Amino acid sequence: MRNISNINKNWKFTKDGETSSVDLPHTWNGIDGQDGGNDYYRGTCVYEKELSAEDMPAGDVHYVQFDGVNSSAKVFFNGKEIAIHHGGYSTFRAKLDDIQSTNILKVEADNSPNDFVYPQNADFTFYGGIYRDVTLIGVGEKHFDLDYYGAPGIMVTPVVKGNNAEVEAQAFCEGDVEFTIYDGNEVIEVFKASGKNPKAVAVISNVHLWDGTKDPHLYTLTAKLIVDGKAVDELSTRFGCRSFEFNPQKGFILNGREYPLRGVSRHQDRPEIGNALLPEHHREDIELICEMGANTIRLAHYQHNQYFYDLCDEKGLVVWAEIPYISSHMPKGTENTRTQMTELISQCYNHPCIVTWGLSNEITMNGAADKSLLDNHRMLNDLVHSMDKTRPTTVAVLTMCGINEEYVHISDIVSYNHYFGWYGGNVNMYGPWFDNFHKKYPNKAIGISEYGCEALNWHTSNPEQGDYTEEYQAYYHEELIKQIADRPYLWATHVWNMFDFAADARAEGGENGMNHKGLVTFDRKYKKDSFYAYQAWLSDKPMLHICGKRYVDRVEDVTKVTVYTNLDEVELFANGKSIGKQKKGKYPFFYFDVPNEGETVITAKAGDLTDESKINKVDEMNPDYIMQDEGSVINWFEITAPAGYCSINDTLGDIISTVKGKLTALKIAKSVMSSFVGGSGNKDKKDKGASVAGFKLNKTMLEMAKGFTVKRIISMVGGGLTKEQILDINAQLNKIKKREK
């Protein structure tokens with residue numbers, strides 16, 4: 001029978017000629033991949049482990065299994081190369097031959113840049129290392145297949161029909177196989193099959209459905225390979241019986257009822273350990289996601305740990321699984337997308353949580369018309385359909401990609417990544433944009449694959465796009481919730497992101513190397529106010545939260561206090577005096593005006609719940625609440641902004657709403673706007689319009705540009721303008737009277 005042993009302990013690790021002892025999981029980018037500068041080590045490092053014959057688990061045949069080595073791996077056993085694997089997020093195995101009394105297992109792990117392994121260009125850190133478990137497998141001469149793309153060796157396909165479910169089980173081996181279905185410890189069905197890769201069908205009567213977060217019921221299937229009447233190998237897998245549909249008008253349908261998918265995307269990394277996670281880290285993540293009330297996760301942008309898919313099965317979370325075919329199409333990477341997709345489906349097929357396979361993410365950064373890119377997607381689409389008849393394909397589309405592009409319509413369903421209200425545009429653009437898509441393509445299921453904005457421990461009573469305050473992030477998500485709630489046709493919506501994550505190339509928000517769009521901080525210690533906005537909207541468990549607990553010092557005489565609760569009524573008190581009661585309206589957000597006099601203890605009461613915060617009246621804004629970017633060319637206090645007149649703090653849209661503002665904007669366009677919309681622009685006289693990154697300028701892109709403040713445009717262009725030049729632009733804008741609203 002099969003025997004498995006973990007060999008994570010005591011590896012020799014060599015980097016740049018220096019050797020140390022490490023335990024797995026391990027990454028060499030836990031520090032330099034998170035501190036900014038886009039200068040983290042990308043190269044080849046070596047892991048070695050000595051194995052005695054006694055270390056090998058019992059069996060006639062032995063394999064080593066790697067659950068994740070990023071990004072490429074060469075594996076040697078006693079000096080002989082036994083495997084090469086390209087793709088940092090999936091399982092692979094290698095057979096161990098000629099086992100000696102003492103053996104050396106060596107792995108060359110390589111996260112160097114190249115032009116054929118995805119990902120190469122993306123907004124997250126590509127941590128190098130053996131960052132998941134390594135195990136040894138011992139089996140008999142006759143055994144279930146261990147050579148096919150890291151797959152588990154059995155495949156289960158349940159199809160719900162009325163009150164019953166037909167369960168097709170297939171084993172990858174040759175010979176006689178006995179299948180058994182268990183419900184807990186109870187045997188439900190025993191059935192058999194023979195031949196090469198044999199399969200058979202059993203019926204579960206009065207099936208207990210896997211029914212989302214309310215009732216994620218799981219069955220277990222075991223398969224025994226029988227030789228001469230004796231079981232020589234055995235496997236088991238859990239599975240769930242459910243039906244689902246992506247309805248372009250009603251959204252996601254689970255087991256015959258409308259089941260709106262509302263949740264988050266997840267990156268897996270953590271401070272100092274990167275992707276080298278332990279089981280407790282995965283469990284903490286899943287508990288936080290469930291606490292928020294989400295019922296779906298987009299597991300971006302790569303295959304996640306099998307243990308995490310197991311947790312999603314157990315919790316009833318609906319999952320979008322995808323490969324890291326992201327940002328920039330590489331003509332030499334086609335085979336790698338094929339391999340990574342084959343691995344993803346082969347290894348994850350049995351998980352009932354997964355309902356769709358993602359082909360790519362924002363792959364049209366350089367345009368959507370590339371023939372090689374389109375051919376790659378058609379190939380992947382066909383591959384998925386050939387491997388899995390039960391789940392549709394999807395893509396996550398870049399904002400700039402027009403809805404009529406051929407690429408958008410290759411997959412069965414589709415979602416868009418939009419950041420209106422953060423990267424330009426206004427937060428109220430979401431609803432109309434999706435309504436327009438839905439009207440033009442009423443038979444295409446559409447969702448939101450990414451939306452979000454960044455927040456650190458910065459604060460203000462006047463939140464504005466691009467200020468990185470917790471208050472703007474909360475406002476942004478309140479507005480998104482309102483627009484999503486009114487559009488049931490959206491098959492799924494996924495916040496970007498559940499957790500802050502490392503992106504070493506970033507330099508934003510006052511902390512380099514990080515993307516701060518998370519609803520929870522990178523260390524999982526602090527839930528931002530926006531986390532509670534979703535909890536109030538999505539969770540059935542009674543909750544109450546006063547926003548702005550980190551925003552204590554306030555200058556205004558009367559301050560706005562926001563409260564989130566899913567209960568019917570809230571009463572707010574200031575130093576024990578009632579400010580008033582409010583009943584729940586359409587959305588679970590409550591706003592109170594509170595006198596700000598001296599020190600004030602604010603108490604909210606709803607049902608049996610109480611929450612408390614404090615504010616303090618000050619004369620001047622606490623500078624600790626105001627972002628000051630490291631190395632910033634200009635500070636906030638150097639910008640003059642006369643009342644009623646424009647400044648670089650105003651949006652381009654507001655400035656050009658007046659004739660004088662439009663003329664002034666044209667004057668400064670050469671130094672700022674030309675860089676913002678693609679540098680030299682499109683100089684091909686045969687082309688009928690300017691382009692940005694290969695896309696024709698369209699209405700959406702222009703509306704997004706209007707949403708940027710001039711200061712933010714300057715900062716995003718990056719360099720090129722001195723402080724004096726920026727102050728000169730500001731002085732020109734100070735002469736423009738604002739349009740009265």
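These numbers come from a predicted model, not from an experiment. We count residues from 1, following the sequence as given.
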Report yes or no: does Thr469 contribute a side-chain atom to a donor-acceptor pair with the main-chain N or O of Thr460 at less than 3.5 Å?
no
How are the rings of Tyr416 and His418 set to each other: parallel, tilted or perpendicular (split at 30° and 60°)?
parallel
Under 3.5 Å, is there a donor-acceptor pair between the Thr565 and His545 side chains?
no
For residues Glu450 and Tyr419, is any side-chain donor paired with an opposing acceptor at under 3.5 Å?
yes
On the ring face of Phe573, is Lys605 found with NZ or CZ under 6.0 Å from the centre and within 45° of the axis?
yes
Parallel, tilted or perpendicular: rings of Tyr472 and Tyr476 (30°, 60°):
tilted
Looking at Tyr532, Tyr534, Trp537, which one forms a side chain to side chain contact (heavy atoms under 4.5 Å, CB included) with Met292?
Tyr534
Answer yes or no: is there a side-chain heavy-atom contact under 4.5 Å between Val558 and Asn596?
no
Can the positive tip of Arg266 be found less than 6.0 Å from the middle of the six-membered ring of Phe308, inside 45° of the ring normal?
yes
Are Glu597 and Lys617 ion-paired here, with the side-chain N under 4.0 Å from a carboxylate O?
no
Which atom pair, heavy atoms only, marks the closest approach of His477 to Ser530?
CD2-CB, 3.7 Å
Is the number of heavy atoms from other residues, nucleotides or ligands under 6.0 Å of Glu620 CD greater than 12?
no
Do Ser539 and Asn566 pair up side chain to side chain, a donor and an acceptor below 3.5 Å, judged on atom types alone?
no
Do side-chain atoms of Thr27 reach the backbone of Gly128 as a donor and acceptor pair under 3.5 angstrom?
yes
Has the side chain of Glu571 got a donor or acceptor atom that lies under 3.5 Å from a matching backbone atom of Lys581?
no
Could you tell me whether the side chain of Asp650 and the main chain of Ser647 form a donor-acceptor pair under 3.5 Å?
yes
Is the gap between the ring centers of His301 and Trp496 under 6.0 Å?
yes
Residues Pro271 and Gln34: closest non-hydrogen pair is CA-OE1, 3.5 Å
State, to 0.1 Å, how close Asn649 and Glu464 come at their nearest heavy-atom pair, and which atoms those are.
O-OE1, 4.4 Å
Is NZ or CZ of Lys517 both nearer than 6.0 Å to the six-membered ring centre of Phe501 and within 45° of the ring axis?
no
Between Glu470 and His459, is there a donor-acceptor pair closer than 3.5 Å when you use the side chain of the first and the backbone of the second?
no
Heavy-atom donor-acceptor pair, Arg270 side chain to His281 backbone, under 3.5 Å
yes
Decide whether a cation-pi geometry holds between Lys738 and Tyr645; the criteria are a distance under 6.0 Å from NZ or CZ to the six-membered ring centre and an angle within 45° of the ring axis.
no
Charged N to carboxylate O below 4.0 Å: is that the case for Lys315 and Glu287?
yes
Treating Lys528 as the side-chain partner and Gly518 as the backbone partner, does any N or O pair qualify as donor plus acceptor under 3.5 Å?
yes
Decide yes or no for Asn295 and Thr213: does some side-chain heavy atom of the first lie under 4.5 Å from some side-chain heavy atom of the second?
yes
Would the distance check show the side chain of Arg524 and the main-chain N or O of Phe522 forming a donor-acceptor pair, the cut-off being under 3.5 Å?
yes
Is the gap between the ring centers of His267 and Tyr302 under 6.0 Å?
yes
Do the side chains of Asp611 and Lys549 get close enough for a salt bridge, i.e. N-O under 4.0 angstrom?
yes
Hey, do the aromatic rings of Tyr564 and Phe589 have their centres closer than 6.0 Å?
yes
When rounded to the nearest 0.5 angstrom, what is the spacing between CG in Leu538 and NZ in Lys541?
15.0 Å
Could you check whether any side-chain N or O of Asp654 sits under 3.5 Å from a backbone N or O of Thr651, counting only pairs where one atom can act as donor and the other as acceptor?
no
Less than 4.5 Å apart, any side-chain heavy atom of Trp422 and any of Val427?
no
Under 6.0 Å between ring centres: does that hold for Tyr625 and Tyr551?
yes
Give me the ring orientation class for Phe126 and Tyr40: parallel if the planes are under 30° apart, tilted from 30 to 60°, perpendicular past 60°.
perpendicular
Between Glu612 (side chain only) and Ile602 (backbone N and O only), is there a donor and an acceptor less than 3.5 Å apart?
no
